[in-house]
S.K.: 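Have a look at this one before I ask anything.
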Amino acid sequence: MLKLDNVSTFYGKIQALHNVSLEVNQGEILTLIGANGAGKTTLMMTICGDPRAQSGHIAFDGRPIQQLSTADIMRQGLAVVPEGRRIFAGMTVEENLFMGSFFRSRSEASVQLDHVLTLFPRLRERFHQRGGTMSGGEQQMLAIGRALMSQPRLLLLDEPSLGLAPIIIQQIFEIIERLRDEGVTVFLVEQNAHQALRIADRGYVLENGRIVMSGSGDALLNDDSVRKAYLGG
Amino acid sequence: MQRALFPALFAAGVTFLLTCLVIGVKLVQGGPTLTVVGADADTWSWIAFAVVIVFLVQLLKEPLLGLKQRLPMPDVTGLLPDEQLRNRLKPWLIALIVVGLFVWPFMVSRGAVDLATLTLIYVMLGLGLNIVVGFAGLLDLGYVAFYAVGAYTYALLSEYYGLSFWVCLPIAGLLAATFGCILGFPVLRLRGDYLAIVTLGFGEIIRILLNNWTNVTGGPNGIGGIDKPTLFGLEFNRRASEGAQTFHAFFGIQYDSSYKVIFLYLVAVLLVLLTIYIINRIQRMPIGRAWEALREDEIACRSLGLNPTVIKLSAFTLGASFAGFAGCFFAARQGFISPESFTFIESAIILAIVVLGGMGSQLGVILAAIAMTILPELAREFQEYRMLMFGGVMVLMMLWRPQGLLPMKRPHLELKAS
């Protein structure tokens, strides 16, 4: 569904990604794990076109997207939940959600709204509350809900567990699994390797801007070097 | 108190030194030599007074601050009736105000109507800038440039091609919007302070251009004798120009110069009502939401597929077009324009209106525009202290209501699930 082929990205002169190739298949949860500064977020942002890949190809549904502007890429049927949630703090939950369906018709939006609110009953309770006044977990739910409002076929999640309590992380991951069961393809970037690999169908390990390992979630979870480096032995 | 003693003494000492140097002694040029002359006893007693005041204030700072905490803060929102009643009364209130606006000029003096017309121009400018600063959050310090573009569009078209006000009004708006767009393209990648500086520069460029392009714009001499608007071709002059008819002759009434003033006022009212209506509609449209979302978080907007450049540009263009309308009307009302009317202080006043009224709040901006134009007129006796009072009011406002007179309340929309 999403295919990266030999993608290299630079920040000025510094190369952040070295010939990264990976593939996200329809209907799976793909996870990308790696340490701080490995290039996980850079990879995700390169997919979104900011920063642009200096070389290589990125194709979504077989169509190249690396030449499109960020705004155009985001309207192709993929949605991103950016790192740090980035909800609109001064707007209500409702308004935040409708910003997600900016390019959808009203009827599509209201159908999808119902769907999002069943996924996150918490958001229904807080429907008219301002985004900035909610807890971190609720904000993360809102960020995911907002991304889902555009009815994406591929959902990119950048560290959804960042700064959340373990019980909330658990809930978030359950919802991610549920999304997969509903047919949404999920590309999950995580530092919380254990949790991420457990729900993932496949995973990649990124180290210093290079993919060093790939395999099924279970295989990686049981791999010795992965255990040593990311799962604490 | 003990702790405050040393800082208080220090502050008093600094005050003494500074006042001594600045007003206590004077250098007088007597022939070839400079002599130092002390001030008279009166001045010295004032200096002593000032030093004592500074000392006391510094010494008693904490008790004074405590006192300030207990001062009741004015709360305007508490005085309003509850929301339900307000919603029910709102249409009636609006109707009343609109009718009042149309009836009022026939009952008051010419000067008052004229002042009201000026106020309405500032209302229009404030509302226009509110789109850029209040909704989209782009600090624009050169807004007056678009005002100037609008004014000169009408002045030049009327002078060289004899076009009428009503033809020029949309042209002025379009041209100002075009300028907004042209300026917007290169600068909108900038943010915050940098954007403010570039827009400030643009404002100056336009003014200096108008000042120096003498053979077209008349330079500092400006353009005079600009035609007033007509009512379906009827003029408001004493004598009709060639091939036209005058208002009083058509209706068979006595000529009165106040008709012209009232007519201008009514045109201004119409323009302002139109502005309010359009902005209200746009605010409820997706683009209005997008402006606001962009102000809150640009990265989030991009992640949702919104194009920040287009959104910013639309705010800039639309805001500029209202300045163009206001400028066109201003030229028609004044009958004479020169680059003098479009200095930086105008931009500052319009910005002050937006900030004072509460960023993004339409009613607040209208109230602030009224306050900012009428209060200086009322305080004409204190001419030289006007700016001082202006500054004082601003400081007090920031202390008491940093969010503005009437903070913005976003319109609430409910989507019904079909």
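Within every chain, numbering begins at 1; the chains are lettered A, B, ... in the order of the sequence lines, protein sequences first and strands thereafter.
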S.K.: Heavy-atom count check: over 12 atoms from other residues, nucleotides or ligands less than 6.0 Å from B:Asp193 CG?
M.R.: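 Open: at most 12 neighbouring heavy atoms sit under 6.0 Å from CG of B:Asp193.
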
S.K.: Could you tell me whether the side chain of B:Asn307 reaches within less than 4.5 Å of the side chain of A:Arg75, counting heavy atoms only?
M.R.: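 Result yes, sub-4.5 Å side-chain heavy-atom pair found.
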
S.K.: Just checking B:Phe325: does its CZ atom have more than 12 heavy atoms from other residues, nucleotides or ligands closer to it than 6.0 angstrom?
M.R.: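 Counting neighbours around CZ of B:Phe325, more than 12 heavy atoms of other residues, nucleotides or ligands fall under 6.0 Å, so yes.
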
S.K.: If you count the non-hydrogen atoms of other residues, nucleotides and ligands that lie under 6.0 Å from CD1 in A:Ile175, is the total more than 12?
M.R.: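 More than 12 heavy atoms, drawn from other residues, nucleotides or ligands, come within 6.0 Å of this atom.
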
S.K.: In terms of heavy-atom proximity below 4.5 Å to chain B, should A:Phe88 be classed as side chain, backbone, both, or neither?
M.R.: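 Backbone plus side chain of A:Phe88, per the 4.5 Å heavy-atom cut-off to chain B.
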
S.K.: With a 4.5 Å cut-off on heavy-atom pairs, point out which of B:Cys301, B:Ala293, B:Pro308, B:Ala290 contacts chain A the most.
M.R.: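 Answer, by heavy-atom pair count under 4.5 Å with chain A: B:Ala293.
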
S.K.: Find out whether B:Leu304 and A:Phe102 are in side-chain contact, i.e. whether some heavy atom of one side chain is under 4.5 Å from a heavy atom of the other.
M.R.: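 B:Leu304 vs A:Phe102: side chains apart.
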
S.K.: How about B:Tyr194: does its OH atom have over 12 heavy atoms from other parts shown lying under 6.0 Å from it?
M.R.: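 No, not enclosed.
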
S.K.: Do A:Met99 and B:Arg289 have side chains that get closer than 4.5 Å, going by heavy atoms?
M.R.: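 When only atoms from C-beta onward are counted, B:Arg289 and A:Met99 do touch, with a gap below 4.5 Å.
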
S.K.: From B:Arg302 CZ over to A:Met45 CE, what is the distance, rounded to the nearest 0.5 angstrom?
M.R.: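 It comes to 8.0 Å.
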
S.K.: Please list, chain by chain and in numerical order, all residues satisfying side-chain contact (heavy atoms from CB on, under 4.5 Å) with A:Tyr11, sequence neighbours excluded.
M.R.: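 For A:Tyr11 the side-chain contact (heavy atoms from CB on, under 4.5 Å) partners, ignoring immediate neighbours, are A:Ala16, A:Thr42, A:Pro51.
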
S.K.: Check side-chain contact (heavy atoms from CB on, under 4.5 Å) between B:Leu363 and all other residues, then give those that pass, not counting sequence neighbours.
M.R.: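 B:Leu363 satisfies side-chain contact (heavy atoms from CB on, under 4.5 Å) with B:Leu406 only.
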
S.K.: Sort out for me which of A:Gly49, A:Ala143, A:Ser150, A:Ala89 touches chain B most, counting heavy-atom pairs under 4.5 Å.
M.R.: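 When all of A:Gly49, A:Ala143, A:Ser150, A:Ala89 are compared, A:Ala89 has the most.
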
S.K.: Could you tell me the separation between the CZ atom of A:Arg86 and the CD atom of B:Glu296, rounded to the nearest 0.5 Å?
M.R.: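 Nearest 0.5 Å value for the CZ-CD distance: 12.0 Å.
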
S.K.: Give a yes or no on this: more than 12 heavy atoms of other residues, nucleotides or ligands lie within 6.0 Å of atom CD1 of A:Ile14.
M.R.: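 For A:Ile14, atom CD1 is not crowded (no more than 12 foreign heavy atoms under 6.0 Å).
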
S.K.: To check you understand the geometry: which heavy-atom pair defines the closest contact between B:Asp297 and A:Ile87, and what is its length?
M.R.: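 Result for this residue pair: OD2-O, 4.3 Å.
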
S.K.: Might you point out which heavy atoms bring B:Ala300 and A:Arg146 nearest each other, and give the distance in Å?
M.R.: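 Minimum heavy-atom contact is CB-NH2, 3.8 Å.
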
S.K.: Would you give the length of the straight line joining atom CD of B:Glu292 to atom CE of A:Met91, rounded to the nearest 0.5 angstrom?
M.R.: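 Going from the CD atom of B:Glu292 to the CE atom of A:Met91 covers 5.0 Å.
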
